[in-house]
There are 2 protein chains.
Amino acid sequence: MPVSMTVDLVIFTIREQRLAVLLVRRGIPPYQGRWALPGGFVEDREDLEAAARRELAEETGVHAGSVHLEQLRTYGRPGRDPRGRVVTVAHLALAPDLPAPTAGSDAAHAAWIPVDEALGSKLAFDHHEILADGLERARSKLEYSPLGTAFCPATFTVNELRRVYEAVWGHEIDPRNFHRKVTRSTGFLVDTGERTNRDGGRPARLFRRGDVHLLHPPLLRGE
Amino acid sequence: MPVSMTVDLVIFTIREQRLAVLLVRRGIPPYQGRWALPGGFVEDREDLEAAARRELAEETGVHAGSVHLEQLRTYGRPGRDPRGRVVTVAHLALAPDLPAPTAGSDAAHAAWIPVDEALGSKLAFDHHEILADGLERARSKLEYSPLGTAFCPATFTVNELRRVYEAVWGHEIDPRNFHRKVTRSTGFLVDTGERTNRDGGRPARLFRRGDVHLLHPPLLRGE
DNA sequence: GTAATAGTGTCTTTGAGACATTATCTA
DNA sequence: TAGATAATGTCTCAAAGACACTATTAC
């Protein structure tokens, strides 16, 4: 009846216009040498989300709430860990492009891996299933919530936001229709009044995240 | 680090055109005398979903897959159970109107309580929060999936399905627009060719659930 | 000038919501 | 007959998708 509790993290970011996930290479059995999701044991008197935040900080060096974190799903199949009964509460994190992937202490073998590559390789434990569930959650989150902005820095252009959507959904989006939809969706984006030409071409407006939590209407992925 | 694992169940059904949840009255401390969600400990070598199905069968007498069951969320705040560290994996079940609420063994004090009543009363542990989360999940499930039919018997009329939506969403829906939307949504409903006049008036077609898992387009709750 | 991206507008189709109308049963 | 519900149609508005066009920068 007593079980060991862990938290595992599906941390997504966008690197070089591709969706990438943070994985760590296991140094010890079981599954030695395989890629795995970062995670660790829940401590005594520690809330699940606190444990996830702690692991997130350890692996990425990012503290505080600049990264979106939510509970994904709990995996407890007997035998999922050969060492005993271990139940893991998987969490999903969406982060902007972070400085260095190896900022943490014991994350010496951590790396950002493109998601399609990660899904094409053998991962430790049931992490393939967890990663697939996290990807599907992220994709639908972008439809109904403004969380695509969680992948962007504090200010960003519509072009940059669109490339987030394209990376997560895996297909191209018409820039003109996208521009119209996101800028007219009330509460999604806030115009800072500033401009940038870092994307080349005509200078683009810089936006901040708005304060809504749900998009009306949603931005359905057509395709 | 070792914790006790339980599963708790938010079991919804429609009774007398109202959304109701199955609650049990606690006979022992803590929270003696309070209403609580049904649930119990996960057994050794038992999968989480299997544990939830077992509890569901014990409480409702329903076996097999006539009831929709899915994982809702995991609650593990330290102190949520005064007896020690107990982490619970809450599940959501959607059931058609069942024969007797007290069919099970130790469910001698089980009852179907209208959801607004349940949310207005003090529940044991953090079950108020779990119930509220389950209600929100059920409401959004009806938008994007065909699971409204999980509340209906094997065959049902459009009228009966509409009353499910009205009970879950808590507001009236135009019968004519609803009829058009659900019957034209491909894969949602299958016409059995039979008719019934159990609702009075002109006989209505009887439908079965279709085989889609997602509705295109969704049936958004307008309000 | 060209090349690139930013931003707006236009057209067609689809669906949502409001609501009229006809159909088919029971009492 | 009246009264109920079933099923379809009509109208208007909003949004999606396709795509033309203008605007503003770098070179």
Side-chain angles (χ1 to χ4, degrees), chain A residues 17 140 142-144 146 148 152 155-166 169 171-208 212 214-223, chain B residues 17 140 142-144 146 148 152 155-166 169 171-208 212 214-223:
Chain A
Q17 313 211 352
S140 66
L142 260 58
E143 296 190 299
Y144 305 111
C152 299
T155 63
F156 50 89
T157 68
V158 172
N159 183 21
E160 288 157 3
L161 181 61
R162 178 173 53 82
R163 294 194 185 283
V164 166
Y165 274 79
E166 291 180 336
W169 285 349
H171 62 81
E172 297 200 340
I173 300 169
D174 185 285
R176 299 158 294 187
N177 292 334
F178 183 82
H179 189 283
R180 179 166 33 82
K181 285 205 275 194
V182 297
T183 53
R184 293 195 184 169
S185 179
T186 54
F188 192 1
L189 303 181
V190 178
D191 192 339
T192 63
E194 293 170 27
R195 289 166 185 276
T196 181
N197 62 350
R198 64 193 181 206
D199 296 333
R202 170 177 167 180
R205 280 190 237 270
L206 277 170
F207 293 90
R208 277 199 317 271
V212 292
L214 238 60
L215 298 183
H216 301 287
L219 264 167
L220 299 175
R221 40 183 155 163
E223 204 65 6
Chain B
Q17 314 213 348
S140 66
L142 260 58
E143 296 190 299
Y144 305 111
C152 299
T155 64
F156 51 88
T157 67
V158 172
N159 184 19
E160 289 158 2
L161 182 61
R162 178 174 51 83
R163 293 192 187 284
V164 166
Y165 274 79
E166 292 180 336
W169 285 350
H171 62 80
E172 297 199 339
I173 300 169
D174 185 286
R176 298 156 296 184
N177 292 334
F178 183 82
H179 189 284
R180 179 165 35 81
K181 284 203 274 192
V182 297
T183 54
R184 291 194 186 168
S185 179
T186 55
F188 192 1
L189 302 181
V190 178
D191 193 339
T192 64
E194 293 171 27
R195 288 163 187 277
T196 181
N197 61 352
R198 64 191 181 208
D199 295 335
R202 169 177 170 180
R205 279 191 238 271
L206 276 171
F207 294 90
R208 278 200 315 271
V212 292
L214 236 61
L215 298 183
H216 301 288
L219 264 167
L220 300 174
R221 41 184 153 159
E223 192 67 6

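To find a chain, count down the sequence lines: A is the first, B the second, and so on, and within it residues start at 1.
The interatomic distance linking Arg176(B) (CZ) with dA16(C) (P) rounds to 16 Å, in whole Å. Here the P atom of nucleotide dT24(C) and the CG atom of Asp199(B) are 18 Å apart, to the nearest Å. Atom CG of Leu161(A) and atom P of dT5(C) are 17 Å apart (whole Å). Atom pair Trp169(B):CH2 and dA16(C):P shows a separation of 11 Å (rounding to whole Å applied). In this structure, Ile173(B) places its CD1 atom 12 Å from C1' of dG17(C), rounding to the nearest Å. In this structure, the CZ atom of Arg195(A) is 11 Å from the P atom of dA6(C), given to the nearest Å. Regarding His216(B), its NE2 atom lies at a distance of 19 Å from the C1' atom of dT13(C), rounded to whole Å. When rounded to the nearest whole Å, the span between CG of Leu206(B) and P of dA6(D) equals 11 Å.
Side-chain N or O atoms of Glu194(A) include none that pairs as donor or acceptor with a backbone N or O of Arg205(A) at under 3.5 Å. Between the side chain of Asn197(B) and the main chain of Gly200(B), no donor-acceptor pair closer than 3.5 Å is present. Side-chain atoms of Glu143(A) come within 3.5 Å of backbone atoms of Arg221(A) as a donor-acceptor pair (strictly under, hydrogens ignored). In this structure, the side chain of Ser185(B) does not engage the main chain of Lys181(B) through any donor-acceptor pair within 3.5 Å.
Both Val158(A) and Asp174(B) lie near DNA chain C, and the one whose nearest nucleotide falls closer to the 5' end is Val158(A). Between Arg163(B) and Asn177(B), the residue whose closest nucleotide on DNA chain D is further toward the 5' end is Arg163(B).
Residues Pro175(B) and Asn159(B) form no side-chain contact, since every pair of their non-hydrogen atoms from C-beta on lies 4.5 Å or further apart.
Taking the six-membered ring where tryptophan is involved, the planes of Trp169(B) and Tyr165(B) are perpendicular, since the angle between them exceeds 60° and thus also 30°.
With respect to the salt-bridge test (charged N to carboxylate O, under 4.0 angstrom), the residues Glu160(A) and Arg198(A) qualify.
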Inset, instruction - Would you please test Leu142(B) and Leu219(B) for side-chain contact (heavy atoms from CB on, under 4.5 Å) and show each step? - result: CA-CA 7 Å; Leu142(B) 260 58; Leu219(B) 264 167; over 6 Å; no
Inset, instruction - Evaluate the side-chain contact (heavy atoms from CB on, under 4.5 Å) criterion for residues Thr192(B) and Phe207(B): first the C-alpha distance (whole Å), next the side-chain angles of each, then the deciding distance (0.1 Å), finally the verdict. - result: CA-CA 5 Å; Thr192(B) 64; Phe207(B) 294 90; 5.6 Å; no
Legend entry - Contact state string [nucleotides 22-27 of chain D, B base, S sugar-phosphate only, - no protein heavy atom under 4.0 Å]: -BBBS-
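A distance of 5.0 Å separates CZ of Phe188(B) from CG of Leu161(B), quoted to the nearest 0.5 Å.
The local environment of CZ in Arg184(B) is sparse, with at most 12 non-hydrogen atoms from other residues, nucleotides or ligands closer than 6.0 Å.
Between Val158(A) and His179(A), the shortest heavy-atom distance links the atoms CG1-CD2, 3.7 Å.
Checking dG15(C), dA6(C), dT5(D) against the side-chain heavy atoms of Pro217(B) singles out dG15(C) as nearest. Picking from dA6(D), dC21(D), dA7(D) the nucleotide with the shortest atom distance to the side chain of Arg205(B) gives dA7(D).
Contacts of residues 179-192 of chain B with DNA chain C (heavy atom under 4.0 Å): Arg180(B), Lys181(B).
Where DNA chain D pairs in unbroken runs of 3 or more (Watson-Crick or G-U, both distances under 3.5 Å), the stems are C:1-27 with D:1-27.
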